[in-house]
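As the structure lists them, so they are numbered: ligands from 1, and atoms in each ligand from 1.
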Amino acid sequence: MRVRRALLHDASNVYDLVNSMSGDGTLLKRPFAEICENIRDFTVAESDSGVFLGCGALHLYGPHLCEVRSIVVKAGAKGKGAGGAILKALIEEAEEHGIHSVCLFTRIPDFFFKYGFRVVEDKSELPDKIFKDCQNCPRLQRCDEVSMVRGRIPRVSILGDKQDAQELVKITV
Ligand SMILES: CC(C)(COP(=O)(O)OP(=O)(O)OC[C@H]1O[C@@H](n2cnc3c(N)ncnc32)[C@H](O)[C@@H]1OP(=O)(O)O)[C@@H](O)C(=O)NCCC(=O)NCCS
């Protein structure tokens, strides 16, 4: 198994796998055009013979924050190290960019604890994530995801401020 940065020809595999997990809200649904536009965010895992096994993406908000998104491994390939390898590659990528805060929202925090993530009790501590995804999310009022960060919680944001994020998050409780 090996992990590498995605290329455009990976987009259909990424699209199929990510959207296969979006029906129950495990992952955010992502249109094919959006996957293509953001393919350079993605890392893929593949078998030694080049069979696609899984993917994950690192979205950059700015020097203060990035986010692990769309991390998923094909059903038959789970439990063999691909997910962990993808996540480690994304963390290394964040470090290469000099970004010290990596966030994510998840239903499986136990997987991420192993890689240095911790729970952020107050989601409004991550206003950029709230304004990028949550405010338009159909589950805004019944969010069942845990917010997590690796590294420090950023002091700045670029998409909205903490006070406005608190107003939105209030709706969710
Ligand atoms: C989560 C997921 C990416 C893990 O991929 P994977 O290839 O099965 O994981 P790995 O084999 O690399 O496991 C790495 C470690 O994490 C643990 N782990 C794997 N899945 C886990 C889970 N759901 N909860 C807790 N720990 C988990 C493994 O036991 C292993 O621990 P170890 O190093 O102590 O042995 C995969 O199960 C998946 O695609 N899940 C569905 C999509 C999803 O929920 N993505 C997260 C959205 S935020």
Considering Ser70, Gly83, Gly81, Gly79, which one's heavy-atom position lies nearest to atom 8 (O) of ligand 1? Gly79

Quick one: nearest non-hydrogen protein atom to atom 14 (C) of ligand 1, plus distance? Tyr115 OH, 3.3 Å

Is it true that Arg2 and Asp48 make a salt bridge, defined as a side-chain N closer than 4.0 Å to a carboxylate O? no

Is it the case that Arg30 and Ser70 place a side-chain donor and acceptor less than 3.5 Å from each other? yes

When clusters are formed by joining ILVMFWY residues with side-chain heavy atoms under 4.5 Å apart, either directly or through shared neighbours, do Val102 and Tyr61 land in the same one? no

Could you go through His100 and Glu95, starting from their C-alpha distance and side-chain angles, then the distance that decides it, and tell me whether this counts as side chain to side chain contact (heavy atoms under 4.5 Å, CB included)? CA-CA 7 Å; His100 301 297; Glu95 286 166 359; over 6 Å; no

Atom 23 (N) of ligand 1: closest protein heavy atom, distance to 0.1 Å, is Ile108 CD1, 3.8 Å

Between Arg4 and Val44, is there a donor-acceptor pair closer than 3.5 Å when you use the side chain of the first and the backbone of the second? no

re atom 48 (S) of ligand 1, the protein heavy-atom contact at minimum distance is Thr106 OG1, 3.2 Å

With heavy atoms and a 4.0 Å threshold, my read on which part of Leu27 contacts ligand 1 is side chain

Of the side chain and backbone of Val73, name the one, both, or neither that has a heavy atom under 4.0 Å from an atom of ligand 1. both

Can you report which non-hydrogen protein atom sits closest to atom 26 (N) of ligand 1, along with the distance? Phe111 CA, 3.6 Å

How close does the nearest protein non-hydrogen atom get to atom 45 (N) of ligand 1, and which residue and atom is it? Ile71 O, 2.8 Å

Protein non-hydrogen atoms only, distance under 4.0 Å: does atom 35 (O) of ligand 1 have such a neighbour? no

Taking atom CZ as the centre, does Arg107 end up with more than 12 heavy-atom neighbours from other residues, nucleotides or ligands that are less than 6.0 angstrom away? yes

The closest protein heavy-atom partner of atom 28 (C) of ligand 1 is Lys114 CE, 4.2 Å

Starting from atom 38 (C) of ligand 1, find the nearest protein heavy-atom neighbour and note its residue, name and distance. Lys78 CE, 3.5 Å

Within ligand 1, which atoms have a heavy atom of Phe105 less than 4.0 Å away? 48 (S)

Under 6.0 Å from the six-membered ring centre of Phe105 and within 45° of its axis: does the NZ or CZ of Lys129 meet both? yes

Mark up the atoms of ligand 1 that fall under 4.0 Å of a heavy atom belonging to Asp110, in ascending order. 25 (C)

Which ligand 1 atoms are under 4.0 Å away from a heavy-atom of Gly84? 10 (P), 12 (O)

Applying salt bridge (charged side-chain N to carboxylate O under 4.0 Å, His left out), run through Arg69 and Asp133 and close with a yes or a no. CA-CA 11 Å; Arg69 296 166 70 89; Asp133 293 320; 2.8 Å; yes

When you look for heavy atoms under 4.0 Å from ligand 1, do you find them on the side chain of Lys80, its backbone, both, or neither? backbone

About how many Å separate CG of Leu104 and CZ of Phe111, when rounded to the nearest 0.5 Å? 10.0 Å

Nearest protein heavy atom to atom 2 (C) of ligand 1: under 4.0 Å? no

Tell me the protein heavy atom at minimum distance from atom 43 (C) of ligand 1, and give that distance in Å. Thr26 CG2, 3.6 Å

With the 4.5 Å side-chain cut-off for hydrophobic clustering, are Ile71 and Leu27 part of the same group? no

Look at ligand 1 and say whether Phe113 reaches it with a heavy atom at a distance under 4.0 Å. no

Please say yes or no: joined through hydrophobic side-chain contacts below 4.5 Å, possibly via intermediate residues, are Ile86 and Ile91 part of one cluster? yes

How close do Ser20 and Leu17 get, heavy atom to heavy atom, and via which atoms? OG-O, 2.7 Å

Using a strict 4.0 Å cut-off to heavy atoms of Met21, name the atoms of ligand 1 that fall inside it. 41 (C), 42 (C)

